[in-house]
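Comments concern the structure below.
Order of appearance sets the numbers: ligands from 1, and atoms from 1 within every ligand. When reading the values below, keep in mind they use all heavy atoms of this one structure, side chains included, and skip hydrogens, waters and symmetry mates.
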Amino acid sequence: MIADKILNFIDGEYVATDKWYENRNPINNKVIGMVAEAGEKEVDAAVKAAKAALKGPWGSMSLQKRIELLEALVVEINNRFDDFLEAECADTGKPKSMASHVDIPRGAANFKVFADMVKNVPTEFFEMTTPDGGKAINYGYRRPVGVVGVICPWNLPLLLMTWKVGPALACGNTVVVKPSEDTPRTAALLGEVMNKVGIPKGVYNVVNGFGANSAGAFLTAHPDVDALTFTGETRTGEVIMKAAANGSRPVSLEMGGKNAAIVFADCDFDKAIEGTLRSVFLNCGQVCLGTERVYVERPIFDKFVAALKAGAEGMKIGVPDDPAANFGPLVSKKHQEKVLSYYKVAVEEGATVVTGGGVPQMPGELADGCWVQPTIWTGLPETARVIKEEIFGPCCHIAPFDTEEEVLEKANDNKYGLACAIWTQDVSRAHRVAQKMEVGISWVNSWFLRDLRTPFGGSKQSGIGREGGVHSLEFYTDLKNVCIKL
Ligand SMILES: NC(=O)c1ccc[n+]([C@@H]2O[C@H](COP(=O)([O-])OP(=O)(O)OC[C@H]3O[C@@H](n4cnc5c(N)ncnc54)[C@H](O)[C@@H]3O)[C@@H](O)[C@H]2O)c1
Ligand SMILES: O=C/C=C/C=C(\O)C(=O)O
């Protein structure tokens with residue numbers, strides 16, 4: 001059952017407001033619900049509830065009990081798996097075949113991994129000699145940072161929200177989440193799960209709305225929010241960083257990308273094609289780690305372009321319930337307009353359109369949806385806008401290269417530095433290139449293979465800070481030292 005009213009979740013209660021906005025289904029752009037937009041009053045109530053919860057049962061709860069609650073959350077998310085799947089696919093239009101393997105399982109795993117982490121990771125201890133010939137010991141201990149504001153994007157809504165809420169709660173914080181205005185459903189549903197397993201009131205709060213002059217800006221400006229964690233566009237991250245400067249609050253920013261795939265002639269060709277098809281087209285290209293620039297060593301360039309074209313043309317476009325579909329719509333009309341404007345720019349810049357470049361013909365009411373074709377270009381100079389700017393759509397440019405130095409120069413010539421995929425069977429070259437890439441995450445002969453204990457984040461304008469594993473503990477706790485003279 002898809003809810004037709006999506007409410008805020010404040011202090012354990014669902015809260016309506018007198019301001020509503022439309023929630024649309026991207027497959028046909030039909031209104032399928034109304035979202036209660038939080039104003040300053042509701043954001044303030046959510047932050048106050050989160051602050052009070054730190055002083056209530058949550059703040060005094062033993063670590064063991066907290067871990068048990070997080071483990072219960074994992075079980076309950078899995079019990080409600082189909083509800084989360086329905087909600088996520090209604091908001092995004094993505095194929096259920098994908099969301100049931102990526103989005104929802106990771107929604108649960110993001111609680112499990114950080115419950116294990118806080119159980120198993122020790123803090124540091126140092127013994128020292130003192131000037132009088134005696135001894136002192138030092139030990140570190142971690143305290144929650146407090147109320148964490150969590151600002152989320154729309155591309156992997158549950159996955160990216162729990163990626164921050166999981167460690168925040170594991171470390172004993174409370175949160176106020178601002179989901180993307182386009183995808184509020186799974187964050188709201190998680191409130192039911194929190195209540196069901198007995199997470200105390202006020203620990204998890206959700207406020208709906210937009211960015212500027214709405215819930216996003218009210219949350220980031222609130223003086224009782226102690227830290228801000230954000231995933232989204234680089235320009236928005238900069239605005240949030242400015243807001244965080246008031247009160248010297250810490251920020252963690254996971255932002256845009258313009259990721260390269262580098263394909264050497266010695267690669268396992270079929271695996272490189274299969275991996276690049278995923279990295280360009282998964283989630284209709286709406287993955288921050290996705291490939292939008294492909295560099296292929298010249299001896300296999302023509303063969304690679306032909307095979308990627310065949311793969312793109314073999315994508316099965318369809319609605320979430322179609323079990324064969326592996327390619328859904330973009331998230332909104334606004335995003336469809338943005339991606340199509342880049343399709344136009346590519347042609348104006350002189351690209352050869354290898355495949356796609358427009359809107360697929362869809363039957364009946366689906367014709368009003370946010371569909372675009374999988375698209376491949378060749379023939380552009382490196383200065384072209386579609387090679388430099390993040391599009392966040394199912395498209396890539398493929399260029400040939402002749403030497404390792406040349407491809408490193410080109411792949412690194414971008415303001416973003418999130419991720420890359422390197423395809424080669426030469427192990428020395430794999431390490432060499434991976435380490436020279438100016439990115440936070442290099443995949444070799446794979447893509448989006450995630451071990452949640454590893455550092456995750458972007459270099460250059462793709463981010464500030466790392467989350468994942470112990471790195472999340474660094475952000476979500478205040479590490480203190482106690483020095484004791486013996
Ligand atoms: N690096 C990563 O891990 C990662 C992961 C996913 C997406 N992304 C990036 O996210 C972008 C797509 O997501 P998006 O379009 O939702 O991003 P966005 O920046 O437009 O919005 C993200 C969130 O910020 C909120 N927001 C906007 N303006 C705000 C303001 N002034 N104050 C407070 N909040 C504000 C939005 O309402 C939304 O909830 C892409 O650039 C993509 O690369 C990065
Ligand atoms: O769209 C961006 C994907 C980000 C993925 C993660 O943050 C993750 O896998 O933890």
Side-chain angles (χ1 to χ4, degrees), residues 21 37-38 43 92 102-103 105-107 109-110 113-114 149-164 166-167 177-184 187 206-222 225 228-244 251-259 279 282-290 292 330-332 334-335 338-339 389-393 416-419 439-441 447-469 471-472:
Y21 67 91
E37 183 178 348
V43 172
T92 59
V102 180
D103 302 64
R106 267 294 300 280
N110 286 340
V113 71
F114 293 106
V150 182
I151 320 268
C152 308
W154 44 256
N155 59 326
L156 301 165
L158 181 70
L159 187 162
L160 290 171
M161 187 259 289
T162 53
W163 176 239
K164 290 164 180 302
V177 173
K178 211 297 278 170
S180 166
E181 50 272 33
D182 289 327
T183 55
V206 182
V207 289
N208 290 310
F210 304 81
N213 303 313
S214 182
F218 302 149
L219 180 60
T220 55
H222 200 294
V225 172
L228 286 163
T229 180
F230 164 80
T231 304
E233 282 185 15
T234 296
R235 233 178 307 138
T236 313
E238 289 170 358
V239 173
I240 286 172
M241 204 172 166
K242 284 184 186 139
V251 284
S252 174
L253 304 176
E254 294 181 350
M255 307 194 285
K258 186 72 185 178
N259 311 299
S279 73
L282 184 80
N283 207 35
C284 200
Q286 303 165 115
V287 180
C288 58
L289 309 157
E292 290 191 352
L330 294 169
V331 73
S332 63
K334 187 172 151 213
H335 193 51
K338 175 181 163 186
V339 171
E389 299 172 18
E390 182 186 52
I391 301 169
F392 219 54
Y416 295 111
L418 187 55
V439 295
I441 306 146
W447 176 77
F448 205 1
L449 188 57
R450 294 281 289 117
D451 181 328
L452 306 185
R453 297 167 299 183
T454 58
F456 181 94
S459 302
K460 302 201 278 193
Q461 292 184 35
S462 288
I464 294 186
R466 296 290 181 268
E467 299 199 34
H471 310 282
S472 293

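For Thr231, heavy-atom contacts with ligand 1 shorter than 4.0 Å involve the backbone as well as the side chain. Within the 4.0 Å heavy-atom criterion, the part of Met255 lying near ligand 1 is the backbone and not the side chain. For Pro179, every heavy-atom contact with ligand 1 shorter than 4.0 Å involves the backbone, none the side chain. Within the 4.0 Å heavy-atom criterion, neither part of Leu452 lies near ligand 2. With a heavy-atom cut-off of 4.0 Å, Leu160 touches ligand 2 through its side chain alone. Here Leu156 has no heavy atoms under 4.0 Å from ligand 1, in either its backbone or its side chain. With a 4.0 Å cut-off on non-hydrogen atoms, Leu289 does not touch ligand 1 at all. Heavy atoms of Phe392 found under 4.0 angstrom from ligand 1 belong exclusively to the side chain. Counting heavy atoms closer than 4.0 Å to ligand 2, residue Glu467 contributes nothing at all.
Closest to atom 15 (O) of ligand 1, if we only count protein heavy atoms, is Trp154 NE1, 2.8 Å. Shortest contact from atom 3 (C) of ligand 2 to any protein heavy atom: Cys288 SG, 3.1 Å. Ranking the protein heavy atoms by distance from atom 35 (C) of ligand 1 puts Gly211 CA, 3.4 Å first. Of the protein's non-hydrogen atoms, the one nearest atom 8 (N) of ligand 1 is Cys288 CB, 3.5 Å. For atom 43 (O) of ligand 1, the closest non-hydrogen atom of the protein is Glu390 OE2, 2.5 Å. For atom 13 (O) of ligand 1, the closest heavy atom belonging to the protein is Pro153 CB, 3.3 Å. Considering only non-hydrogen protein atoms, atom 31 (N) of ligand 1 sits nearest to Val239 CG1, 3.6 Å. Here the protein heavy atom with the shortest distance to atom 38 (C) of ligand 1 is Cys152 O, 3.2 Å. Of all protein heavy atoms, the one closest to atom 25 (C) of ligand 1 is Ile151 CG2, 3.6 Å. Looking from atom 6 (C) of ligand 2 to the surrounding protein, the closest heavy atom is Phe456 CZ, 3.4 Å.
Taking a cut-off of under 4.0 Å to the non-hydrogen atoms of Phe230, the atoms of ligand 1 that pass are 19 (O), 22 (C), 23 (C), 24 (O). Those atoms of ligand 1 that come under 4.0 Å of a heavy atom in Ser180, given as number and element, are 39 (O). Heavy-atom proximity to Leu418, at under 4.0 Å, picks out these atoms of ligand 1: 1 (N).
Within the 4.0 Å heavy-atom shell around ligand 1 one does not find Gly463.
Salt bridge status for Lys258 with Glu390: absent, with no side-chain N to carboxylate O gap under 4.0 Å. A salt bridge links Lys164 with Glu467: at least one charged nitrogen is closer than 4.0 Å to a carboxylate oxygen.
In this structure, the side chains of Leu219 and Ile151 come closer than 4.5 Å at one or more pairs of heavy atoms. Counting heavy atoms from C-beta on, the side chains of Leu330 and Gln286 come closer than 4.5 Å. Proximity of Glu181 to Trp154: side-chain heavy atoms (C-beta onward) are nowhere separated by under 4.5 Å. Counting heavy atoms from C-beta on, the side chains of Thr220 and Val225 never come closer than 4.5 Å.
Looking at ligand 2, you won't find any N or O of Gln286 less than 3.5 Å from one of its N or O atoms.
Nearest residue to atom 10 (O) of ligand 1 from Ala243, Gly149, Gly232 is Gly232 (criterion: closest heavy atom).
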